[in-house]
Amino acid sequence: MLTSGIILLEGGLLNPNPGLIFWTAITFAIVLLILKKTAWGPIVSMLEEREKGIQSAIDRAHSAKDEAESILKKNRELLSRADAEADRLIREGKEYADKVRSELTEKAQIESQKMIAAAKDEIEQEKRRALEVLRNEVADLAVRGAEKIIRATLDAEKQKVVVDDMIKELAASRN
Amino acid sequence: MRVKAISRILALVVPVLLSLNSHAFAVSGKEEAPVRESVTAAAPAAPATVATSAAAPAAEGEEKPGDVIMHHILDNSTFAFEPFGEIHLPHLSVGGYDISITKHVVMIWLASAILLVVASAAGASVKKLSARQAPKGIANVIEALVDFIRVDVAKSNIGQGYEKFLPFLLSVFFFILVCNLLGLIPYGATATGNVNVTLTLSIFTFFITQVAAFKAHGVKGYLQHLTAGTHWSLWIIMVPIEIIGQFTKPFALTVRLFANMTAGHIIILSLIFISFILKSYIVAMAVSVPFAIFIYLLELFVAFLQAFVFTMLSALFIGLATAHEGGHDEHALEGAHH
């Protein structure tokens, strides 16, 4: 062990060697210059480009996400507004329909009442006319009957007065 | 579980105890005595490729295990492919300086070549890619590491203006990583286990840090930084400390990487050599091979870890140098800027 240690120091592990230093320096410098051109330049620039590309892609994705979110928000707003609009329309339609219906029924009632009243009037008039006709007819019949009776017993004039009185009494009791 | 653990410990202890009566004990007991062992005797049973290559220099029969280990750790000018022979690398010298192509230089070049081919292929395939295509294959692997260094190392430590330092950080990371991994391949050598290589790399970090600090703060701000914002009467202490601090950072980088990479290899080789020193098959099967495999796997992790640590600390030092510090320092720096 120690022999090796002594040899290690004696063996010139730390000996300077200008030739080797010279060759190392020259070789390394040349390698550095060539690789800078042929290898590191393109590789590093490609890496930077890719880095930028990825960054821009991320940025774009983020902005797209923001945009989508804002659109979604807008859509939701629109939807809720449309819902409210539809609700309002339905409510208005119902109200209008109610109004129209009540108006119509009212009008119909009024109309029917009017018609009923008119029919009643007509019926009254017809009745009155029929009564008039009936009264005349009855009077004539009575007169004719009386005539026949009076021709047989009395004269017609006395008979008519009696019948008229009787008819007037009848009308008065009916009215 | 417990039975397993006990049997494992027994497997460790028994062979050692069995071998104690051999002269190996005497050798390790008298530490100064050279370990005169004919490793060749045990060589046919060598369980790992590293061991086979380690055993060969002992053909003379007079090699110390420590020498063999150091031979593998240290730089030299022969590339040994043990059973097949070896390649002698050329010696070069310019203006009195020895700039020979050594084993570690070759490993650095190999690492650079691999890195250039792989990374450029990744870069080319990335260039062809349109924005909507997913990357695949080798580009994917490189891209994952690049992105890791870019985001978790550079961006988080340097902050604004990290792009300027990115090529350096990426290059240093992959360079160290490939060098570390090549050291784990049989016949390979760990260039990052050589202090000269790690020193050079940290000198790069040092210069980049200093230039970045000058650019960020200006000359006046830089000098003000050296006083650490203290009262002028303390400058005589603070300025030398701050200046030394500038140099300790790259020094720490140098030693950390070098020591980590060297230590792992020394441990693996030492574990293998236990079986040669004790001349025991049981030790080889129970201790050397399993532990060497364990350390090897650990080394695989360390290869990534140390590459990351070097890059991380470089980024941290650059970040410290360029940062506009808060607290009491800020007033002084603001004064310098206006």
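Sequence lines set the chain letters: A, B, ... in the order given, protein chains first and strands last, and positions in each chain run from 1.
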J.: What residues form a ring-ring contact (aromatic ring centres under 6.0 Å, His included) with B:F207, not counting sequence neighbours?
T.: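 By the ring-ring contact (aromatic ring centres under 6.0 Å, His included) rule, B:F207 matches no residue at all.
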
J.: Determine, using ring centers only, whether B:F273 and B:F276 are less than 6.0 Å apart.
T.: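 Yes, the ring of B:F276 comes within the 6.0 Å limit of the ring of B:F273, centre to centre.
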
J.: Are there residues of residues 75-86 of chain A that reach to under 4.5 Å of chain B by heavy atoms, and which ones?
T.: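 Near chain B, by residue number: none.
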
J.: In terms of heavy-atom pairs under 4.5 Å, which option from A:A39, A:S45, A:G41 contacts chain B the most?
T.: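 Highest number of heavy-atom pairs under 4.5 Å: A:A39.
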
J.: Answer yes or no: is there an ion pair linking A:E92 with A:R88, defined by an N-O contact shorter than 4.0 Å?
T.: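 Looking at A:R88 together with A:E92, the answer is yes, because their closest N to O distance falls below 4.0 Å.
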
J.: Taking every non-hydrogen pair under 4.5 Å, which of B:N196, B:T200, B:V118 racks up the most with chain A?
T.: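 Ranked by contacts with chain A, first place is B:N196.
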
J.: Do you know which of A:V31, A:V44, A:L32 has the most heavy-atom pairs under 4.5 Å to chain B?
T.: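 Going by pairs under 4.5 Å, I would pick A:L32.
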
J.: Taking only residues two or more places apart in sequence or in another chain, which ones pass side chain to side chain donor-acceptor pair (under 3.5 Å) with B:T102?
T.: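 Residues passing side chain to side chain donor-acceptor pair (under 3.5 Å) with B:T102: B:D75.
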
J.: Chain B: which of A:P16, A:G53, A:P18, A:A29 shares the most heavy-atom pairs with it under 4.5 Å?
T.: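 So the answer, after comparing A:P16, A:G53, A:P18, A:A29, is A:P16.
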
J.: Give, as side chain, backbone, both or neither, the part of B:F168 having an atom under 4.5 angstrom from any heavy atom of chain A.
T.: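 Both the backbone and the side chain of B:F168 come within 4.5 Å of chain A.
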
J.: If we only count heavy atoms from C-beta on, is the A:F28 to B:S171 side-chain gap below 4.5 Å?
T.: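 The answer is yes; the side chains approach within 4.5 Å.
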
J.: Given heavy-atom pairs under 4.5 angstrom as the criterion, report whether the side chain, backbone, both or neither of B:L116 touches chain A.
T.: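 For B:L116, heavy atoms of backbone and side chain both lie under 4.5 Å from chain A.
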
J.: Against chain A, label B:L115 side chain, backbone, both or neither, depending on which of its atoms sit under 4.5 Å from a heavy atom there.
T.: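 For B:L115, the contact with chain A is made by backbone and side chain together.
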
J.: Exactly one of B:I318, B:V153, B:T205 should register a side chain to side chain contact (heavy atoms under 4.5 Å, CB included) with B:F165. Which one does?
T.: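 Going through the options one by one, the only one that passes is B:I318.
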
J.: Side chain, backbone, both or neither: which part of B:I73 has a heavy atom under 4.5 Å from chain A?
T.: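 Just its side chain gets close to chain A.
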
J.: Do A:D98 and A:R101 meet the salt-bridge criterion of a basic N to acidic O distance under 4.0 Å?
T.: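 Looking at A:R101 and A:D98, the cut-off is met.
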
J.: Heavy-atom distances under 4.5 Å only: say whether B:L201 touches chain A with side chain, backbone, both or neither.
T.: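 Interface part for B:L201: side chain.
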
J.: Taking only Lys NZ, Arg NE, NH1 and NH2, and the carboxylate oxygens of Asp or Glu, determine whether A:E126 and A:R129 approach each other closer than 4.0 Å.
T.: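 Here A:E126 pairs with A:R129 in a salt bridge, since their nearest N and O are under 4.0 Å apart.
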
J.: Give every residue pair that meets the ring-ring contact (aromatic ring centres under 6.0 Å, His included) criterion with at least one member in residues 34-93 of chain A, sequence neighbours excluded.
T.: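 Matches after skipping sequence neighbours: A:W40-B:F174.
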
J.: Side chains of B:S202 and B:F310, heavy atoms from C-beta outward: is any pair under 4.5 Å?
T.: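 Heavy-atom side-chain distance check passes, below 4.5 Å.
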
